[in-house]
Chemist: 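Here it is, the structure in full.
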Amino acid sequence: MSPRHPAERTHRSALSRRGKLAAAALAAALLAGPGIAQAAPQQPAPVARHQAAAATITWTLERAGNPTQDQQTAYDLITKAMNAAVARYNNLSDLGKSITVRYDPSVPTADGSNKGTIRFGSNRSYMTERTALHEIAHTIGVGTSANWNSLSSGGTWHGAQATALVKQFDGSAATLSTGGGHFWPYGLNFENEFSNTAADRHVQIVAAMVRDGL
């Protein structure tokens, strides 16, 4: 047998190394799964989050088809008052109510029902935002809901939320007094009680009363 040529030995060594590399690659492919490419891990799809829309107060004014000058003047004043009051409620609370407003000259001042109606009488001095805020509170349940009497028995509001809020406003000794279907302070029971601060606090207290179970 003739001795192997050095070039032949080198060629066989290279073939051996290539064979080992090929075998290693084949083993890796088999471990990964036959014919399956390794993809990057996928991020989970974002979960859709649904947030309930806040409730709002809406209102409509019943108008005569052919209003007199008296009616038109009243409609203009009532519209201005209601727009301001409803905007304040919607800005400061998530209370919801659909309200129907009427001009009724037989009403001495104004009144509100938890059935969702407000009536303004002919006295122009009551066609104000203060009156509108006060009467909206009645439509929401102040002095008119089934739970009003139990929550306001003894002349004091017993709900924790509204009580805590008036203490935050006026100090630790403050309480919410009740009587005749109304509350004070911040009940806006008279025109001289109105200010922007008092009006804001009125809305916040009514909303707290609702959370108390009004």
Side-chain angles (χ1 to χ4, degrees), residues 52 54-59 78 81-102 104 106-214:
T56 57
I57 292 174
T58 60
W59 74 282
I78 291 168
M82 287 297 299
N83 280 341
V86 167
R88 196 181 295 268
Y89 264 100
N90 287 340
N91 285 336
L92 295 173
S93 78
D94 60 357
L95 297 173
K97 194 76 177 183
S98 177
I99 301 171
T100 299
V101 180
R102 301 186 180 100
D104 184 346
S106 69
V107 175
T109 56
D111 58 33
S113 161
N114 63 355
K115 294 180 180 179
T117 59
I118 292 175
R119 300 184 303 168
F120 286 87
S122 60
N123 190 331
R124 302 301 196 247
S125 67
Y126 286 91
M127 297 178 185
T128 63
E129 182 186 356
R130 192 280 308 174
T131 302
L133 288 166
H134 178 92
E135 301 307 337
I136 289 171
H138 285 314
T139 71
I140 290 168
V142 171
T144 60
S145 77
N147 292 333
W148 172 263
N149 288 337
S150 61
L151 284 165
S152 63
S153 62
T156 302
W157 183 259
H158 304 299
Q161 297 278 336
T163 298
L165 193 57
V166 77
K167 291 181 183 299
Q168 177 184 321
F169 293 152
D170 293 347
S172 59
T175 60
L176 274 176
S177 297
T178 59
H182 298 88
F183 70 88
W184 61 90
Y186 309 117
L188 302 182
N189 301 301
F190 301 98
E191 201 64 35
N192 61 8
E193 296 177 23
F194 183 85
S195 69
N196 279 321
T197 297
D200 287 352
R201 291 179 176 182
H202 169 85
V203 172
Q204 292 170 307
I205 286 175
V206 172
M209 286 178 164
V210 171
R211 293 194 298 274
D212 282 334
L214 179 65

Chemist: Mind checking the OG-CD1 spacing from Ser93 to Ile205? Nearest 0.5 Å is all I need.
Modeler: 13.0 Å
Chemist: Scan Leu151, Leu165, Ile140, Leu214 and name whichever one has a side-chain contact (heavy atoms from CB on, under 4.5 Å) with Met209.
Modeler: Leu214
Chemist: Determine whether the aromatic ring centres of residues His134 and Phe190 are separated by less than 6.0 angstrom.
Modeler: no
Chemist: So does Thr109 get a backbone contact from the side chain of Asn123, meaning a donor-acceptor N/O pair under 3.5 Å?
Modeler: no
Chemist: At their closest point, which heavy atom of Tyr126 faces which heavy atom of Phe120, and how far apart are they?
Modeler: O-CE2, 3.6 Å
Chemist: With sequence neighbours left out, what residues match Arg124 under salt bridge (charged side-chain N to carboxylate O under 4.0 Å, His left out)?
Modeler: Asp70
Chemist: So which atom in Ala132 and which in Met82 form the shortest heavy-atom distance, rounded to 0.1 Å?
Modeler: CB-SD, 3.8 Å
Chemist: Looking only at heavy atoms, which two atoms of Asp212 and Ala162 are closest? And how far apart?
Modeler: OD2-N, 2.9 Å
Chemist: Are any side-chain N or O atoms of Thr139 and backbone N or O atoms of Ile136, one a donor and one an acceptor, separated by less than 3.5 Å?
Modeler: yes
Chemist: Quick check: does any side chain N or O of Lys97 sit under 3.5 Å from a backbone N or O of Asn114, one acting as donor and the other as acceptor?
Modeler: yes
Chemist: Under the side chain to side chain donor-acceptor pair (under 3.5 Å) rule, what do Ser145 and Asn147 come out as? Steps first, then yes or no, please.
Modeler: CA-CA 5 Å; Ser145 77; Asn147 292 333; 5.6 Å; no
Chemist: Determine the minimum heavy-atom distance between Ala199 and Phe194, stating which atoms define it.
Modeler: CB-CE1, 3.6 Å
Chemist: Hey, mind stepping through Leu133 and Val203 against side-chain contact (heavy atoms from CB on, under 4.5 Å) and telling me if it holds?
Modeler: CA-CA 8 Å; Leu133 288 166; Val203 172; 4.1 Å; yes
Chemist: Identify, with sequence neighbours excluded, every residue that meets salt bridge (charged side-chain N to carboxylate O under 4.0 Å, His left out) alongside Arg130.
Modeler: Glu191
Chemist: Run Arg88 and Asn196 through side-chain contact (heavy atoms from CB on, under 4.5 Å) and show every step you take.
Modeler: CA-CA 10 Å; Arg88 196 181 295 268; Asn196 279 321; 2.8 Å; yes
Chemist: Can you name the salt bridge (charged side-chain N to carboxylate O under 4.0 Å, His left out) partners of Arg201, sequence neighbours left out?
Modeler: Asp170
Chemist: How far apart are the C-alpha atoms of His182 and Val142, what are their side-chain angles, what is the distance that settles it, and do they pass the side-chain contact (heavy atoms from CB on, under 4.5 Å) test?
Modeler: CA-CA 7 Å; His182 298 88; Val142 171; 5.8 Å; no
Chemist: Work out which heavy atom in Thr131 is nearest to a heavy atom in Ala110; give both atom names and the distance.
Modeler: CG2-CB, 3.6 Å
Chemist: Check the orientation of Phe183 and His202. Use parallel for under 30°, tilted for 30 to 60°, and perpendicular for over 60°.
Modeler: parallel
Chemist: Report yes if the distance between the aromatic ring centroids of Trp184 and Trp157 is under 6.0 Å, otherwise no.
Modeler: no
Chemist: Just do the side-chain contact (heavy atoms from CB on, under 4.5 Å) check on His138 and Asp111 with the steps written out, would you?
Modeler: CA-CA 8 Å; His138 285 314; Asp111 58 33; over 6 Å; no
Chemist: Measuring from atom CD1 of Ile57 to atom CG of Asp94, what distance do you get when rounded to the nearest 0.5 angstrom?
Modeler: 10.0 Å
Chemist: Could you tell me if the side chain of Tyr89 sits less than 4.5 Å from the side chain of Val206, heavy atoms only?
Modeler: yes
Chemist: Determine the minimum heavy-atom distance between Ala207 and Leu95, stating which atoms define it.
Modeler: CA-CD1, 4.0 Å
Chemist: Given 3.5 Å as the limit, does a donor-acceptor pair link the side chain of Ser152 with the main chain of Thr178, or not?
Modeler: no
Chemist: Calculate, to the nearest 0.5 Å, the distance between atoms CG and CG belonging to Asp200 and Leu92 respectively.
Modeler: 5.0 Å
Chemist: Nearest 0.5 angstrom please: Arg119 CZ to Ile78 CD1, how far?
Modeler: 12.0 Å
Chemist: For the residue pair Trp59 and Ile118, establish whether any side-chain heavy-atom pair is separated by less than 4.5 Å.
Modeler: no
Chemist: For residues Leu176 and Pro185, determine if any side-chain heavy atom of one lies less than 4.5 Å from a side-chain heavy atom of the other.
Modeler: yes
